[in-house]
Amino acid sequence: MTHPLADLRLAVPRDGGGRALLPLLEVALDHLADGSFPDVSTRHGLDSYLSDASGTRLGYPANGAHAYDLDVIEAVIRELPSLLFIGFQDAMATYWGEDSDARGSRWKWLADVLQGTLLDAAARHAQPLGILNTLARYPDRATRARRPAPDNAIHCLYARGAPDARRQPAHAASERPAGGVPRAGVAVPSVRRNRGLP
């Protein structure tokens, strides 16, 4: 189909006689919003068809002139809700994969913002701030293990919280392993699975 989408119309019979020309794009958007779709059945002796903005019936040449099948058009529109999120994901991935106006990665900009916010929140307490600084500089556990003390003793742990624990703020925690060397960690009660950061 070579016609511009903005010019496409669904010509459907109306109760007062004649046909109403419904913009196809608006029909699709309405379906995404509330699941509706116009009645395209034959009524009052008038059928429904795909037209241009002037109401001229559109068709395609294939062993003669053929009108576009409205059942196929309806099926495609009804499939849009299950496909829309994929398009959003692709658009988001494309956006964040591009450089920002500041000529830097948008992912790097977001990481810097989140890092700054996290460090600002922990700035009132020396121990959590030191833990977060180390985790930010050396996010890989193996890298931290090769660092001198106390960096090599810092681990990030996720604790299984009570049902209302997700409303509690993240806090610094420590544990003492069998060897007697204390290990500091960050407990995040809202995460339900116990696992360490890589």
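Computed from heavy atoms alone, side chains included, the values below leave out hydrogens, waters and symmetry copies.
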Which heavy-atom pair separates Ile77 from Phe37 by the least distance, and what is that distance?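 Looking at all heavy atoms of both residues, the closest pair is CD1-CE1, 3.7 Å.
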
What closest approach, in Å, do Tyr95 and Arg106 show between heavy atoms, and which atom pair accounts for it?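 Scanning both residues, the minimum pair turns out to be O-NH1, 2.8 Å.
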
CG-CG distance between Leu25 and Leu29, expressed to the nearest 0.5 angstrom: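 Result: 4.5 Å between the selected atoms.
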
Which value, rounded to the nearest 0.5 Å, describes the distance between Thr56 atom OG1 and Asp7 atom CG?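 Taking OG1 in Thr56 and CG in Asp7, the distance rounds to 11.5 Å.
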
Please say yes or no: joined through hydrophobic side-chain contacts below 4.5 Å, possibly via intermediate residues, are [X] and [Y] part of one cluster?
X     : Y     : result
Leu80 : Leu84 : yes
Leu32 : Phe88 : yes
Leu83 : Ile73 : no

Check this for me: does any side-chain nitrogen of one of [X] and [Y] sit under 4.0 Å from a carboxylate oxygen of the other?
X      : Y     : value
Lys108 : Asp99 : no
Asp39  : Arg14 : no
Arg57  : Asp52 : no

Is any side-chain heavy atom of [Y] closer than 4.5 Å to one of [X]?
X      : Y      : value
Leu24  : Leu50  : yes
Ser48  : Val12  : yes
Val27  : Pro38  : yes
Pro13  : Thr42  : no
Trp107 : Asp112 : no
Leu110 : Trp96  : yes
Thr94  : Glu98  : yes
Leu46  : Arg19  : yes

Give a yes or no on whether the ring-centroid distance for Tyr68 and Tyr60 is below 6.0 angstrom.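 Centroid separation for Tyr68 and Tyr60: below 6.0 Å.
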
Carefully, step by step, assess Leu10 and Leu21 under the rule side-chain contact (heavy atoms from CB on, under 4.5 Å). CA-CA 6 Å; Leu10 275 183; Leu21 298 180; over 6 Å; no

Does the side-chain contact (heavy atoms from CB on, under 4.5 Å) test come out yes or no for Leu8 and Leu58, once each step is laid out? CA-CA 9 Å; Leu8 296 178; Leu58 298 178; 3.6 Å; yes

Would you say Arg9's side chain and Ala6's backbone share a donor-acceptor pair under 3.5 angstrom?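 Yes, because the side chain of Arg9 sits within donor-acceptor range (under 3.5 Å) of the backbone of Ala6.
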
